[in-house]
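Protein chains get the first letters and strands the later ones, always in sequence-line order, with residue 1 at the start of each.
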Amino acid sequence: MTTDLGNGAAPGAPETRKLDRVVIRFAGDSGDGMQLTGDRFTSEAAAFGNDLATQPNFPAEIRAPQGTLPGVSSFQLHFADYDILTPGDRPDVLVAMNPAALKANIKDLPKGGILIVNTDEFSKRNLTKVGYAANPLEDDSLADFQVHEVAMATITIGALEETGLGKKDAERAKNMFALGLLSWMYHRPTEGTERFLREKFAKKPDIAEANVLAFRAGYYYGETTESFAVTYEVAPAKLNTGTYRQITGNTALAYGLVAAGQQARLPIVLGTYPITPASDILHELSRHKNFGITTLQAEDEIAGIGAALGASYGGALGVTSTSGPGVALKSETIGLAVMTELPLLIIDVQRGGPSTGLPTKTEQADLLQAMFGRNGESPVPIVAPQSPSDCFDAAMDAVRIALTYRTPVLLLSDGAIANGSEPWLIPDVDELPDLSVEFATEPNATDGSGEFWPYVRDPETLARPWAIPGTPGLQHRIGGLEKAENTGNISYEPENHDRMVRLRQAKVEGIEVPDVVVDDPTGDAKVLVVGWGSSYGPIGAAARRVRKLGLPVAHVHLRHLNPFPKNLGDVLSRYDKVIAPEMNLGQLALLLRAKYLVDVQSYTKVQGLPFKAEELQDVLAEVIKGVGA
Amino acid sequence: MTAIDLGLPALGGLDGVPTTDEPQKAKDYKSDQEVRWCPGCGDYIVLNAVQSFLPTLGLKRENIVFVSGIGCSSRFPYYMNTYGMHSIHGRAPAIATGLAVARPDLSVWVVTGDGDALSIGGNHLIHTLRRNVNLKILLFNNRIYGLTKGQYSPTSETGKITKSTPVGSLDHPFNPVSLALGAEASFVGRALDSDKKGLTEVLRQAAEHRGSALVEIYQNCPIFNDGAFDVLKDADDAKRRIINLEHGKPITFGLEAEYGVVKSGFAGLEIAKVSEVGMENVVVHDATLEDPSYAFALSRLSAQDLSHTVTGVFRNVKRTTYDDAARDQVEQAKAAKKADLRALLHGKDTWTVLGD
């Protein structure tokens, strides 16, 4: 296919406007292929060199009743000619494949926004299904928007007439028509998508061809109809030099584990049970057995972590992946890992709770569960990635802590970064940290008995030796009962328990984590915004916006929630006001207040969706003005 | 979805576990920890039997691991001078599965009780048996909760008067052998704590079996359920009640071996007088039958009132083990594709930003 992607527009061709950023939202029925459409547009933007961030939003039901509001699935992507931090607050362009998609999303489209509607689905029946008394395309309810009415299904079926494909199959390619149209509007490269379609449907060449034809039909439709007066260009972004790829959080996390296994020279055993939104980590790792990775889909969450702990006991890197409800089930085994002081990684891809909650929506409300959700004094280090690509580094860091300190570690991702994607500056494999460990091989008793004592500690890290079965002369028994210091024998002695509780706590508190870096370009901010996890994007974007308004603000983002970085208390005490936006009811704020006696102000929201930069901008501006910047 | 035939070669239960020529004694397997079961507990006899038996395997002691759950029997690992983990209530099979998958050079034993294995850990037990992980599972059945001081268990007889059931328990008991066979366990045996010879023979066959081997051991709790198996312990009573299985031999019992097991009805078995049915109609025990219904029928020969009790090895069939298959998949993947981290991280679609 030859398409004119350059500026050499023919006379009479639509005007081309240059933009620095665009947010597009594709919305349709769950069965309409909106996630695939969004993914493809993302790949096109990535290939073109834009910076980008994406946010899928789909229902928990695999196929909710067709054409209904609960069945609406959408995919938003933000691409720009500069480095961006979020998938965008509101779409500039909304593609609505049916009345339900229109109704569910139109409130987010700002005045003057572009609305592209598939008119074929606007039947009386479909309108009634979602509560439209009148057809919104026919009254003036959409007068605020630039509406483009396109009979996508009809045109797609027409374009595929000669392929001999049945009407139903042909109609299903209408998402590729939409993609083609948008690709034309935004001057996107198209070869990648055609190649992708041919590969994806390699076993069904007629379907592949139909999708390519539909895609081209959309492209040509834009070019020929003259109903679009303007097309848009977004130039490539100036990113740091290096090689990039697009990556989702779950994939980056899985890669981080693969890399950690390689850098530690340990086999990995993933014991897990499928759960949204963490299952993709299992899917990804199960494809990389050649890296010495065993994936064990257990009978339940408890067996998943049990197998992981058993593997760690045997000298492998045990990992379990889950979401909040799974962590609840695993908590007893996490306690056993605390007691037996074995390395173990527990990945919690958080979702809306409590209970089953909002399985496909995001939330950061498992922080206190991670921190305290076990019986007894049971300290566990907590690491949280801040963006999709950051999941790679966070996973490696969590493994470092687990191996160095012989402890379970909780890695708190969430639905937003798990499924969201962004460009990733691929690290140089030769520069990844060495995570290698040494197993115990010699008796170590300090009383000259020549015995092996499993609970003698490294004076620096307080870690106990990792003595794996099969090592001659080091036979020993461990378990959930309290251990005597050093010998590891069962002990009910009061002073020993008190000492061991404090030792386990001291070990976690002594974990080396980097100091927080304060982002305060002018250096005169009186307000500090502190966040953790996936809210990095919206908080960072909001901070940029208020600074542009002349309101200085400092931003600190926490990767390590337990232990906190050593300089954190000092940093918090330097500001007149500290505000912590969180997608929970103030869990980080509670911890900071308790530990540092700082009057942290919370801004909280639990709607299953990430913060918008716009709303945080208003929040920050108000606080900053309040302290008289 | 398609299924692939895994087609792995059959191995022995201990293949891959390093052996030693140095002679071992029972005392080599005794740890320095004081054994703290109640006086007269059947667990002592089982511990003693296991410690006497293990030296005969000639394995390196450091390559033997005992993993247990919670309960009286689950203290077992502390008393063994091997590697061991005393884990969480009901979860030992799950933990042992991870260990067995990670380490083909270990002989992994699970010690559990009727509460641990069949109540809180029932799910892990059946799935472990279904997968056929190479684990030896010793299920100490005393038909009572001992460590929590005397509540009825999932193998207690209906109507049991205990602290938690002062007017009688309502639950119908599990038959652990039937349960294991229902999960298609590849090896199922039963023995009495008091019968060291019989127990050792079942342990030996379990150790040599590659795959999950469930051994139910009737074990007396002298404190909360004393004498539960006494009717099987008098020499004459034992002959009348115990139907001991020996592979390849006709199944007979009784003071003069006057009773035998014969086929009955639809895939069933029943007890008959040999003199009435003729020796030629007595079933010859075959533990290797693929179809588990035969072994299941054996397990149903009597109610759990101990009027009759079947002991020995019910079933011993070869089936690919989960851990062998899991390791094979990893090895095949390694052989098929180099572990190239750089290539993985780069994937198919990259773009490069050049410096100014």
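When each of B/Ile88, B/Thr97, B/Asn63 is checked for heavy-atom pairs under 4.5 Å with chain A, B/Ile88 comes out on top. For the options A/Gly310, A/Gly479, A/Gly335, heavy-atom pairs under 4.5 Å to chain B are most numerous at A/Gly310. Ranked by heavy-atom pairs under 4.5 Å with chain B, the list A/Ala252, A/Ala467, A/Gly314 is led by A/Gly314. Interface remark: of the candidates A/Ala237, A/Ser312, A/Pro423, A/Gly304, A/Pro423 forms the most heavy-atom pairs closer than 4.5 Å to chain B. Per-residue heavy-atom pair counts under 4.5 Å with chain B were compared for A/Val429, A/Ile478, A/Thr251, A/Leu432, and the maximum is reached by A/Ile478. The greatest number of non-hydrogen atom pairs below 4.5 Å with chain B, out of A/Ala311, A/Gly470, A/Ala303, is found for A/Gly470. Interface summary for chain A: among B/Thr128, B/Asn81, B/Asp105, the most heavy-atom pairs under 4.5 angstrom belong to B/Asn81. Put simply, of B/Ser68, B/Pro93, B/Ala336, B/Gly84, the one with the most heavy-atom pairs under 4.5 Å next to chain A is B/Gly84. Most heavy-atom pairs under 4.5 Å with chain A, from the set B/Ala339, B/Ala102, B/Ser31: that is B/Ala339. Of the listed residues A/Ala298, A/Gly315, A/Gly306, the one with more heavy-atom pairs under 4.5 angstrom with chain B than any other is A/Gly306. Per-residue heavy-atom pair counts under 4.5 Å with chain A were compared for B/His127, B/Arg342, B/Arg91, B/Met80, and the maximum is reached by B/His127.
Within the 4.5 angstrom heavy-atom criterion, only side-chain atoms of A/Arg195, from C-beta onward, approach chain B. In this structure, the portion of B/Tyr322 lying under 4.5 Å from any heavy atom of chain A is its side chain and not its backbone. Only the side chain of B/Leu106 comes within contact range of chain A, judged by heavy atoms closer than 4.5 Å. Heavy-atom distances place the side chain of B/Arg103, and not its backbone, under 4.5 Å from chain A. The part of A/Asn240 that comes within reach of chain B is its backbone (N, CA, C, O), which places non-hydrogen atoms under 4.5 angstrom from that chain. In this structure, chain B has heavy atoms under 4.5 Å from both the backbone and the side chain of A/Ala259. For B/Lys338, the part lying near chain A is the backbone, with the side chain staying farther off; criterion is any non-hydrogen pair under 4.5 Å. For a residue to count as touching a neighbouring chain, one of its non-hydrogen atoms must lie under 4.5 Å from one of that chain's; by this rule A/Ile426 touches chain B with the side chain only. Heavy atoms of A/Ala46 lying under 4.5 Å from chain B belong to its backbone as well as its side chain. Contact annotation for A/Pro267: neither backbone nor side-chain heavy atoms come within less than 4.5 Å of a heavy atom of chain B. When heavy atoms are compared at a cutoff of 4.5 Å, A/Leu266 does not approach chain B at all.
In summary, A/Glu299 and B/Arg131 engage in a salt bridge, as defined by a charged side-chain N under 4.0 Å from a carboxylate O.
Annotation: B/Asp15, atom CG; neighbour count of heavy atoms from other residues, nucleotides and ligands within 6.0 Å is above 12. More than 12 heavy atoms of other residues, nucleotides or ligands sit less than 6.0 Å from atom CD of A/Glu199. Taking a 6.0 Å sphere around CG of A/Asp447, one finds it holds more than 12 heavy atoms contributed by other residues, nucleotides or ligands. By the neighbour-count criterion of 12 heavy atoms within 6.0 Å, atom OH of B/Tyr145 is densely surrounded, having more than that number from other residues, nucleotides or ligands. B/Phe174 CZ: 12 or fewer foreign heavy atoms inside a 6.0 Å radius. A 6.0 Å sphere centred on NZ of B/Lys334 holds more than 12 heavy atoms belonging to other residues, nucleotides or ligands.
The distance from atom NZ of B/Lys348 to atom OG of A/Ser43, rounded to the nearest 0.5 Å, is 11.5 Å. Expressed to the nearest 0.5 Å, how far OG1 of A/Thr295 lies from CD of B/Gln329 amounts to 7.5 Å. Once rounded to the nearest 0.5 Å, the distance linking CG of A/Leu239 with OG1 of B/Thr352 reads 11.5 Å.
Side-chain contact check for A/Ile302 versus B/His124: some heavy-atom pair is nearer than 4.5 Å. Residues A/Ile468 and B/Tyr83 are not in side-chain contact: their nearest non-hydrogen atoms beyond the backbone lie 4.5 Å or more apart. Using a 4.5 Å heavy-atom threshold, the side chains of A/Gln262 and B/Leu344 count as separate. The closest side-chain heavy-atom distance from B/His86 to A/Leu481 is below 4.5 Å. Between A/Pro236 and B/Trp351 there is no side-chain heavy-atom pair separated by less than 4.5 Å. Residues A/Leu336 and B/Ser87 are in side-chain contact: their nearest non-hydrogen atoms beyond the backbone lie under 4.5 Å apart.
Remark: the A/Asn489 side chain and the B/Gln33 side chain contain an N/O donor-acceptor pair separated by less than 3.5 Å. In the model, A/Thr243 has no side-chain atom that pairs as donor or acceptor with a side-chain atom of B/Thr350 under 3.5 Å.
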Candidate pair A/Tyr255 and B/Leu341, rule side chain to side chain contact (heavy atoms under 4.5 Å, CB included), full reasoning: CA-CA 9 Å; A/Tyr255 285 2; B/Leu341 185 59; over 6 Å; no
How far apart are the C-alpha atoms of B/Leu354 and A/Thr241, what are their side-chain angles, what is the distance that settles it, and do they pass the side chain to side chain contact (heavy atoms under 4.5 Å, CB included) test? CA-CA 5 Å; B/Leu354 300 171; A/Thr241 57; 5.6 Å; no
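The shortest heavy-atom contact between A/Asn290 and B/Ala333 is CB-O, 3.3 Å. Heavy-atom minimum distance, B/Asp32 versus A/Arg477: OD1-NH2, 4.4 Å. Heavy atoms only, all atoms of each residue included: B/Val330 and A/Gly292 are closest at CG1-CA, 4.0 Å. Between A/Tyr244 and B/Val353, the closest heavy-atom pair is CE1-CG2, 3.6 Å. Nearest approach of B/Leu345 to A/Phe392, heavy atoms of both residues: CD2-CE1, 3.9 Å. In plain terms, the two heavy atoms of B/Val65 and A/Tyr313 that are nearest each other are CG1-CE2, 3.8 Å.
Scanning residues 54-61 of chain B against chain A with a 4.5 Å non-hydrogen threshold yields B/Arg61, sorted by number.
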